[in-house]
Q: 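Dropping a structure here in C-alpha coordinates format, bear with me for questions.
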Amino acid sequence: AEHDRGINCMTLNEDGSIIGSGSDDKTIRLWSAKTTPIECIGILKGHEDYITCLAMDSGYLISGSSDRTV
(Lines give C-alpha, C1' and ligand atoms only; values in the text may rest on other atoms or scores of the structure.)
Protein backbone atom coordinates (compact mmCIF):
# COMPACT_ATOMS: atom_id res chain seq x y z
CA ALA A 1 0.00 0.00 0.00
CA GLU A 2 2.90 2.35 -0.68
CA HIS A 3 3.24 5.05 -3.34
CA ASP A 4 4.79 3.90 -6.62
CA ARG A 5 6.78 7.12 -7.03
CA GLY A 6 8.18 9.97 -4.95
CA ILE A 7 6.14 11.77 -2.29
CA ASN A 8 5.83 15.52 -2.87
CA CYS A 9 3.71 16.70 0.07
CA MET A 10 2.11 15.61 3.31
CA THR A 11 -0.55 16.92 5.67
CA LEU A 12 -1.90 15.99 9.07
CA ASN A 13 -5.50 16.30 10.24
CA GLU A 14 -6.44 18.44 13.23
CA ASP A 15 -6.32 15.69 15.87
CA GLY A 16 -3.19 14.04 14.45
CA SER A 17 -4.87 10.74 13.65
CA ILE A 18 -4.67 10.84 9.84
CA ILE A 19 -1.73 11.65 7.57
CA GLY A 20 -2.26 12.46 3.90
CA SER A 21 0.52 12.04 1.34
CA GLY A 22 0.57 13.22 -2.29
CA SER A 23 2.79 11.65 -4.90
CA ASP A 24 4.17 11.67 -8.42
CA ASP A 25 2.04 8.53 -8.94
CA LYS A 26 -1.03 10.86 -9.15
CA THR A 27 -2.59 9.49 -5.96
CA ILE A 28 -3.24 10.68 -2.44
CA ARG A 29 -2.95 8.12 0.30
CA LEU A 30 -4.49 8.41 3.73
CA TRP A 31 -2.65 6.79 6.61
CA SER A 32 -3.76 5.98 10.15
CA ALA A 33 -1.27 7.60 12.53
CA LYS A 34 -2.80 5.70 15.45
CA THR A 35 -1.70 2.22 14.36
CA THR A 36 1.70 0.61 14.70
CA PRO A 37 2.96 0.31 12.07
CA ILE A 38 1.15 3.15 10.30
CA GLU A 39 -1.29 1.64 7.79
CA CYS A 40 -2.85 2.90 4.57
CA ILE A 41 -6.59 3.42 5.07
CA GLY A 42 -7.47 4.88 1.67
CA ILE A 43 -6.22 5.72 -1.80
CA LEU A 44 -7.69 8.71 -3.62
CA LYS A 45 -7.43 9.03 -7.41
CA GLY A 46 -8.61 11.63 -9.87
CA HIS A 47 -5.79 14.02 -10.73
CA GLU A 48 -4.24 13.58 -14.17
CA ASP A 49 -0.75 14.61 -13.08
CA TYR A 50 1.36 14.57 -9.93
CA ILE A 51 0.10 15.97 -6.63
CA THR A 52 1.83 19.20 -5.58
CA CYS A 53 0.06 20.23 -2.35
CA LEU A 54 -2.35 18.96 0.31
CA ALA A 55 -4.26 20.48 3.22
CA MET A 56 -6.77 19.07 5.72
CA ASP A 57 -9.25 21.25 7.57
CA SER A 58 -12.56 20.53 9.31
CA GLY A 59 -12.83 17.04 7.83
CA TYR A 60 -12.00 18.15 4.27
CA LEU A 61 -8.96 17.25 2.21
CA ILE A 62 -7.89 19.78 -0.41
CA SER A 63 -5.39 18.82 -3.07
CA GLY A 64 -3.61 20.60 -5.89
CA SER A 65 -1.89 19.06 -8.87
CA SER A 66 0.37 20.02 -11.75
CA ASP A 67 -2.66 19.24 -13.93
CA ARG A 68 -3.85 22.70 -12.78
CA THR A 69 -6.83 21.41 -10.82
CA VAL A 70 -7.78 21.59 -7.17
Q: So Ile38 and Ser32, do their side chains get closer than 4.5 Å, heavy atoms only?
A: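 No; the side chains remain at least 4.5 Å from each other.
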Q: Is there a donor-acceptor pair closer than 3.5 Å between any side-chain N or O of Ser63 and the backbone N or O of Leu54?
A: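 Side chain of Ser63 to backbone of Leu54, a donor-acceptor pair under 3.5 Å: no, none is there.
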Q: Transitive ILVMFWY cluster of Ile62 at side-chain heavy atoms under 4.5 Å: who else is in it?
A: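 Once heavy-atom contacts under 4.5 Å are chained together, Ile62 belongs with Val70.
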Q: Looking at side-chain heavy atoms only, is the closest gap between Lys26 and Leu44 below 4.5 Å?
A: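 A side-chain contact is absent here, since even the closest heavy-atom pair is not under 4.5 Å.
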Q: In chain order, what residues pass the side chain to side chain donor-acceptor pair (under 3.5 Å) check against Asp49, with sequence neighbours excluded?
A: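 Per chain and number, Asp49 pairs via side chain to side chain donor-acceptor pair (under 3.5 Å) with Ser66.
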Q: Name each donor-acceptor pair under 3.5 Å that joins a side chain in residues 14-23 to protein atoms two or more places apart or in another chain, with its distance.
A:
residue	atom	partner	partner atom	Å
Glu14	OE2	Ser58	N	3.1
Asp15	OD1	Asn13	ND2	3.0
Asp15	OD1	Ser17	N	2.9
Asp15	OD1	Ser17	OG	2.6
Ser17	OG	Asn13	ND2	3.2
Ser21	OG	His3	NE2	2.7
Ser21	OG	Trp31	NE1	2.8
Ser23	OG	Arg5	O	3.3
Ser23	OG	Gly6	O	2.8
Ser23	OG	Asp25	N	3.0
Ser23	OG	Asp25	OD1	3.2

Q: Using side chain to side chain donor-acceptor pair (under 3.5 Å) as the criterion, list what pairs up with Thr69, not counting sequence neighbours.
A: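 Applying side chain to side chain donor-acceptor pair (under 3.5 Å) to Thr69 gives His47, Asp67.
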Q: For a 4.5 angstrom cut-off between non-hydrogen side-chain atoms, does Ile41 reach Thr35?
A: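 When only atoms from C-beta onward are counted, Thr35 and Ile41 do not touch, as no gap falls below 4.5 Å.
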Q: Is the closest side-chain heavy-atom distance between Thr52 and Asn8 below 4.5 Å?
A: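 When only atoms from C-beta onward are counted, Asn8 and Thr52 do not touch, as no gap falls below 4.5 Å.
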Q: Tell me whether Leu12 shares a hydrophobic cluster with Met56, the cluster being built from Ile, Leu, Val, Met, Phe, Trp, Tyr side chains joined at under 4.5 Å.
A: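 In one cluster: no.
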Q: Among residues two or more places apart or on two chains, list those pairs meeting side chain to side chain donor-acceptor pair (under 3.5 Å) that have a residue in residues 36-46.
A: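 Side chain to side chain donor-acceptor pair (under 3.5 Å) check on residues 36-46 returns no pairs.
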Q: For the residue pair Thr27 and Arg29, establish whether any side-chain heavy-atom pair is separated by less than 4.5 Å.
A: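 Yes. Closest side-chain heavy atoms under 4.5 Å.
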